[in-house]
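To keep things clear, I will list the structure first and then write my remarks on it.
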Amino acid sequence: LSLRDSSISDAEIEVLVSSCQNIKSLDLSYTSVTSRAIELLVNNTRTMVECAVSGCDLPPNDQDALRRHCMENKRKMSV
C-alpha cells in the first residue's frame, strides 16, 4: 500500500492498522508520520514485512524499530 507523499496522520494510521491488520507492505515515504505511527505499526501489524519511511522526520530509533519489526515478521513467515 503506497501512501507516499500523502498527508496521512497518526490518527489515520491508527484506523488503518485496526481495519487492515494483514498489511504486508507499506510506503510512508515523505509523509509527516511521527513516533506514534511507528508505535502503532509495530504493535499492530503481524504480517508487515516491508515499510518505507524515506524522507520522514523520524528519530533513528523509530526507523530501527520498524526495520527490526519487519525483519522479524519476515523471518516468522518463512518458517
Side-chain angles (χ1 to χ4, degrees):
L1 175 62
S2 180
L3 299 170
R4 185 182 185 98
D5 286 319
S6 71
S7 59
I8 192 158
S9 69
D10 292 346
E12 291 165 317
I13 292 290
E14 187 167 7
V15 171
L16 177 70
V17 298
S18 67
S19 59
C20 301
Q21 296 173 351
N22 291 324
I23 295 170
K24 289 190 181 355
S25 178
L26 186 60
D27 186 354
L28 295 172
S29 298
Y30 304 100
T31 63
S32 57
V33 294
T34 69
S35 295
R36 175 68 180 138
I38 302 308
E39 178 185 351
L40 288 164
L41 290 166
V42 168
N43 291 328
N44 296 290
T45 57
R46 304 285 179 241
T47 59
M48 189 169 65
V49 296
E50 181 179 54
C51 187
V53 291
S54 300
C56 295
D57 189 22
L58 291 168
N61 61 322
D62 286 342
Q63 294 178 34
D64 290 342
L66 188 57
R67 179 184 50 78
R68 284 191 310 272
H69 176 69
C70 289
M71 287 174 50
E72 180 65 15
N73 286 344
K74 191 173 191 175
R75 184 192 65 76
K76 287 178 184 175
M77 293 175 82
S78 68
V79 175

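No experiment lies behind these values; they were computed from the predicted model shown. Any value given below was found using the heavy atoms of this structure, including those in side chains, with hydrogens, waters and symmetry copies removed.
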When rounded to the nearest 0.5 angstrom, what distance separates CG in L3 from OG in S29?
10.0 Å

Could you tell me which residues satisfy side-chain contact (heavy atoms from CB on, under 4.5 Å) with S2, sequence neighbours excluded, listed by chain and number?
R4, D27

Considering non-hydrogen atoms only, spot the tightest contact between L41 and M48 and give its length.
CB-CE, 4.1 Å

Indicate every side-chain donor-acceptor pair of residues 7-16 with a distance under 3.5 Å to a residue at least two apart or in another chain.
unit_1, atom_1, unit_2, atom_2, d
S9, OG, A11, N, 3.4
S9, OG, E12, N, 3.2
S9, OG, E12, OE1, 3.2
D10, OD1, T34, N, 3.2
D10, OD1, T34, OG1, 3.3
D10, OD2, T34, OG1, 2.2
E12, OE1, S9, N, 2.7

Applied to residues 45-55, the salt bridge (charged side-chain N to carboxylate O under 4.0 Å, His left out) test, sequence neighbours excluded, yields none

Please tabulate, for the side chains in residues 51-68, all donor-acceptor contacts under 3.5 angstrom to protein atoms that are two or more places apart in sequence or on a different chain.
unit_1, atom_1, unit_2, atom_2, d
D62, OD2, S35, OG, 2.3
Q63, NE2, L58, O, 3.0

What distance do S6 atom OG and L28 atom CG have between them, rounded to the nearest 0.5 Å?
7.5 Å

Over all heavy atoms of both residues, which pair between L26 and I23 is shortest? Give the atoms and the distance, please.
CB-CG2, 4.2 Å

Can you sort out the partners of T45 under side chain to side chain donor-acceptor pair (under 3.5 Å), two or more places apart, ordered by chain and number?
H69

Pairs where residues 70-79 contributes a residue and the test salt bridge (charged side-chain N to carboxylate O under 4.0 Å, His left out) is met, not counting sequence neighbours:
E72-R75

